[in-house]
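Sequence lines set the chain letters: A, B, ... in the order given, protein chains first and strands last, and positions in each chain run from 1.
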There are 2 protein chains.
Amino acid sequence: MAIQKTAANYAQIFHALSDEKRLAILDLLRAGERCVCDIAGPIGMKQSLLSFHLKVLREAGLLRSARVGKWIHYSIHPEAGDVLESFGRELAMSAMSAKVVFCC
Amino acid sequence: MAIQKTAANYAQIFHALSDEKRLAILDLLRAGERCVCDIAGPIGMKQSLLSFHLKVLREAGLLRSARVGKWIHYSIHPEAGDVLESFGRELAMSAMSAKVVFCC
DNA sequence: TTGACAAATCAAATTTTATTGATATGATAT
DNA sequence: ATATCATATCAATAAAATTTGATTTGTCAA
């Protein structure tokens with residue numbers, strides 16, 4: 001059983017995904033692991049800024065990183081997609097079975 | 001076939017979900033449709049602020065609203081969960097098949 | 001050990017987002 | 001028509017996130 005995520009966890013994950021440039025980074029990494037220097041070019045971002053965005057994604061648990069000699073390789077965290085998928089599925093299920101209350 | 005979402009669309013959706021208070025609103029509505037006045041209490045938010053957050057969620061396509069006499073009822077958009085679920089699934093799939101490149 | 005390269009961190013400036021209180025709009029009932 | 005209730009909008013402020021340029025840290029090779 002996976003560890004239960006709090007609302008704060010989800011807010012952090014969604015915040016990391018709330019920026020087009022970070023979505024572009026994620027999209028680039030869908031093809032596979034890359035070092036920072038090979039992300040900078042395609043994404044078109046200065047080194048320090050890219051580093052900032054990578055940190056946001058990594059701290060949210062969406063990316064992981066590993067040093068390989070002089071370089072640091074980033075890749076999509078294996079569980080990232082599952083977390084989003086199950087959040088979406090639960091939302092879809094509750095929306096389907098939700099009562100129409102006409103509360104007032 | 002569903003309409004293709006752009007990166008800007010996704011960024012907007014994720015931004016709407018990036019706030020704990022908005023996640024609490026969404027969670028409350030999982031039980032079913034409610035008018036604004038019946039959200040304010042449980043969420044504990046001033047009227048104008050709640051109205052702002054509902055707008056963020058609605059404009060992202062996560063909620064929909066309908067006037068019922070004097071009241072406006074909000075509910076989870078039927079497609080909201082599906083959009084997130086498929087985003088998550090695609091991410092999970094690409095992470096699974098991603099090549100280890102060791103680029104540098 | 002020095003030099004060069006890769007990436008992270010920091011402080012300052014900028015931009016975006018959230019919050020507040022006041023006001024406007026729209027519906028209902030008298 | 002007027003009063004009242006529900007919600008949205010607006011302008012001002014406060015708070016948070018992003019961007020920039022400079023500096024630091026860590027690794028390798030000469």
(request) Considering just the side-chain nitrogens and oxygens of Tyr74(A), establish if one lies under 4.0 Å of OP1 or OP2 belonging to dA6(C). (result) no

(request) Tell me whether the OP1 or OP2 atom of dA18(C) has a side-chain N or O from His15(A) closer than 4.0 Å. (result) no

Output the single nucleotide from [options] whose closest atom is nearest the side chain of [X].
| X | options | result |
| --- | --- | --- |
| Trp71(A) | dA7(C), dG26(C), dT19(D) | dA7(C) |
| Cys35(A) | dA7(C), dT19(D), dA8(D) | dA7(C) |
| Phe52(B) | dA8(D), dT18(D), dT19(C) | dT19(C) |
| Asp19(A) | dA27(C), dT18(D), dT7(D) | dT18(D) |
| Lys70(A) | dG26(D), dG26(C), dA7(C) | dG26(D) |
| Gln47(A) | dA27(C), dA7(C), dT19(C) | dA7(C) |
| Ser48(B) | dT20(C), dT28(C), dA18(C) | dT20(C) |

(request) Pick base, sugar-phosphate or nothing for Arg22(A), based on heavy-atom distances below 4.0 Å to the nucleic acid. (result) sugar-phosphate

Given atom [atom1] of [X] and atom [atom2] of [N], what is their separation to the nearest angstrom?
| X | N | atom1 | atom2 | result |
| --- | --- | --- | --- | --- |
| Ile72(B) | dT28(C) | CD1 | C1' | 14 Å |
| Leu50(B) | dA18(C) | CG | P | 14 Å |
| Leu17(A) | dA17(D) | CG | P | 15 Å |
| Ile25(A) | dA7(C) | CD1 | C1' | 14 Å |
| His53(A) | dT19(D) | NE2 | C1' | 8 Å |
| Met45(A) | dT20(D) | CE | P | 9 Å |
| Leu49(B) | dT7(D) | CG | C1' | 14 Å |
| Glu20(A) | dT16(C) | CD | C1' | 14 Å |

(request) Give me the ring orientation class for Phe14(A) and Phe87(A): parallel if the planes are under 30° apart, tilted from 30 to 60°, perpendicular past 60°. (result) perpendicular

(message) Assess, by modelled atom type and distance only, whether the side chains of Arg64(A) and His77(A) contain a donor and an acceptor separated by less than 3.5 Å.
(response) no

(request) Applying side chain to side chain contact (heavy atoms under 4.5 Å, CB included), run through Val83(B) and Leu62(B) and close with a yes or a no. (result) CA-CA 10 Å; Val83(B) 169; Leu62(B) 295 167; over 6 Å; no

(request) Let me know which of Leu17(B), Ile76(B), Leu29(B) forms a side chain to side chain contact (heavy atoms under 4.5 Å, CB included) with Leu91(A). (result) Ile76(B)

(message) Has Gln12(B) got a side-chain atom pairing as donor or acceptor with Glu59(B)'s backbone, closer than 3.5 angstrom?
(response) yes

